[in-house]
Amino acid sequence: MPKGQPSVVPEDGLTTRQRRNRPLVFVHTGVGKGKSTAAFGLALRAWNQGWPVGVFQFVKSAKWKVGEERALKVLGDTGEGGTVAWHKMGEGWSWVQRDMASSEEAAREGWEQVKRDLAAETYKLYVLDEFAYPMHWGWVDVNEVVSVLRDRPGAQHVVITGRNAPPELVDFADLVTDMSKVKHPMDTGQKGQRGIEW
């Protein structure tokens with residue numbers, strides 16, 4: 001098991017064990033592919049540790065059959081690891097903008113559900129997939145999100161994905177990864193395919 005050594009040990013009054021086990025906020029942002037994929041990788045690790053996992057999909061269309069959804073639900077139902085709950089926020093938003101008003105309302109309702117679950121400590125890992133978009137568009141107040149995450153009880157980890165993560169969220173988060181694009185098959189006219197995009 002790898003045991004990384006931090007380059008800095010803060011003078012925060014915490015023991016090494018307390019610091020190691022403190023709950024984290026992750027942000028996966030940027031224009032490159034792989035933000036959600038990385039978050040679902042964390043969900044697999046959490047499931048393996050027996051943690052309850054809550055996935056909240058904010059803007060991908062609720063009609064899409066996402067491969068990770070089926071896999072994580074099947075794993076959650078085995079009783080061998082943690083439980084997995086998958087929440088689709090309304091009709092979602094695919095890459096063709098449709099009724100933005102109803103999408104905005106669905107995103108706000110989804111955030112209200114996340115707040116209730118955080119207060120109740122429902123999950124140990126929350127995947128807020130594509131949640132950076134509602135904050136970027138001003139549908140959900142980023143300062144409220146930071147405040148709620150800062151004050152969340154217990155040891156709940158949260159990973160937020162999506163392009164254009166607001167600077168306030170980036171500053172607050174414990175781990176931020178910016179996925180940059182070097183090349184993509186779509187650049188040469190290839191459309192998404194089964195097993196790769198979904």
Side-chain angles (χ1 to χ4, degrees), residues 4-30 34-47 49-60 82-90 93 103-179:
Q5 296 297 320
S7 57
V8 175
V9 178
E11 295 183 20
D12 55 11
L14 298 176
T15 66
T16 300
R17 182 177 300 254
Q18 288 170 325
R19 197 174 302 110
R20 176 185 296 139
N21 294 324
R22 71 182 181 84
L24 301 172
V25 173
F26 303 81
V27 174
H28 298 172
T29 192
K35 297 176 288 292
S36 297
T37 304
F40 295 135
L42 283 174
L44 288 172
R45 289 178 177 173
W47 170 83
Q49 294 299 321
W51 296 359
V53 176
V55 177
F56 297 81
Q57 267 192 306
F58 276 87
V59 295
K60 287 183 176 133
T83 58
V84 178
W86 198 285
H87 307 277
K88 294 181 180 182
M89 305 294 109
W93 179 91
S103 295
E104 180 176 353
E105 184 179 336
R108 286 188 178 151
E109 289 173 8
W111 170 237
E112 292 301 317
Q113 182 60 52
V114 170
K115 290 194 311 188
R116 287 189 291 272
D117 284 328
L118 284 167
E121 299 183 58
T122 306
Y123 308 107
K124 176 95 175 187
L125 176 70
Y126 294 73
V127 176
L128 308 187
D129 189 35
E130 310 287 8
F131 188 50
Y133 288 102
M135 287 183 277
H136 175 70
W137 293 329
W139 296 354
V140 175
D141 179 51
V142 64
N143 293 314
E144 179 191 4
V145 171
V146 168
S147 176
V148 168
L149 294 179
R150 180 180 289 117
D151 297 335
R152 69 194 186 280
Q156 303 175 92
H157 301 281
V158 179
V159 56
I160 296 171
T161 72
R163 295 181 181 199
N164 303 310
E168 299 90 340
L169 179 67
V170 169
D171 289 344
F172 168 72
D174 299 290
L175 184 150
V176 179
T177 299
D178 187 303
M179 305 279 188

Chi angles and distances behind the side-chain contact (heavy atoms from CB on, under 4.5 Å) call for Glu168, Met135:
CA-CA 10 Å; Glu168 299 90 340; Met135 287 183 277; over 6 Å; no
Would you check if there is a donor-acceptor pair between the side chains of Thr161 and Asp129 at a distance under 3.5 Å?
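Looking only at side-chain atoms, Thr161 and Asp129 do form a donor-acceptor pair, the distance falling under 3.5 Å.
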How many angstroms lie between atom [atom1] of [X] and atom [atom2] of [Y], to the nearest 0.5 angstrom?
| X | Y | atom1 | atom2 | result |
| --- | --- | --- | --- | --- |
| Lys124 | Gln49 | NZ | CD | 9.5 Å |
| Ser36 | Met179 | OG | CE | 9.0 Å |
| Tyr133 | Thr29 | OH | OG1 | 8.0 Å |
| Leu24 | Leu149 | CG | CG | 12.0 Å |
| His28 | Thr37 | NE2 | OG1 | 10.5 Å |
| Phe58 | Ile160 | CZ | CD1 | 8.5 Å |

Work out which heavy atom in [X] is nearest to a heavy atom in [Y]; give both atom names and the distance.
| X | Y | value |
| --- | --- | --- |
| Pro153 | Ala119 | CG-O, 4.0 Å |
| Val27 | Ala165 | CG1-CB, 3.7 Å |
| Leu14 | Asp12 | N-OD1, 3.0 Å |
| Glu130 | Gly162 | OE1-CA, 3.7 Å |

Output field: ring centroids Trp111/Phe131 closer than 6.0 Å
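Aromatic pair counts; centres sit under 6.0 Å.
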Does the His87 side chain pair with the main chain of Phe56, one donor and one acceptor, at a distance under 3.5 Å?
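Here the side-chain-to-backbone pair does not exist.
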Using a 3.5 Å distance criterion without hydrogens, assess whether the side chain of Arg152 forms a donor-acceptor pair with backbone atoms of Leu118.
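Not confirmed, Arg152 side chain does not pair with Leu118 backbone.
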Test side-chain contact (heavy atoms from CB on, under 4.5 Å) on Arg163 and His136; report intermediate values, then the result.
CA-CA 9 Å; Arg163 295 181 181 199; His136 175 70; over 6 Å; no
For Glu109, which of Gln113, Glu112, Glu105 qualifies under side chain to side chain contact (heavy atoms under 4.5 Å, CB included)?
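Exactly one pass, corresponding to Glu105.
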Are the side chains of Trp86 and Gln57 in contact, using a 4.5 Å heavy-atom criterion?
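Side chain of Gln57 against side chain of Trp86, heavy atoms only: contact under 4.5 Å found.
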Are any of the side-chain heavy atoms of Val127 and Leu42 separated by less than 4.5 Å?
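Side-chain contact under 4.5 Å: no.
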Is the Trp137 ring parallel, tilted or perpendicular to the Trp139 ring (thresholds 30°, 60°)?
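If you compare the ring of Trp137 with that of Trp139, the planes turn out tilted.
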Please work out whether the ring planes of Trp51 and His157 are parallel, tilted or perpendicular, with thresholds of 30° and 60°.
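The arrangement is parallel - the two ring planes meet at less than 30°.
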Arg19 atom CZ, neighbour heavy-atom count above 12 within 6.0 Å:
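Check passes, neighbour count above 12.
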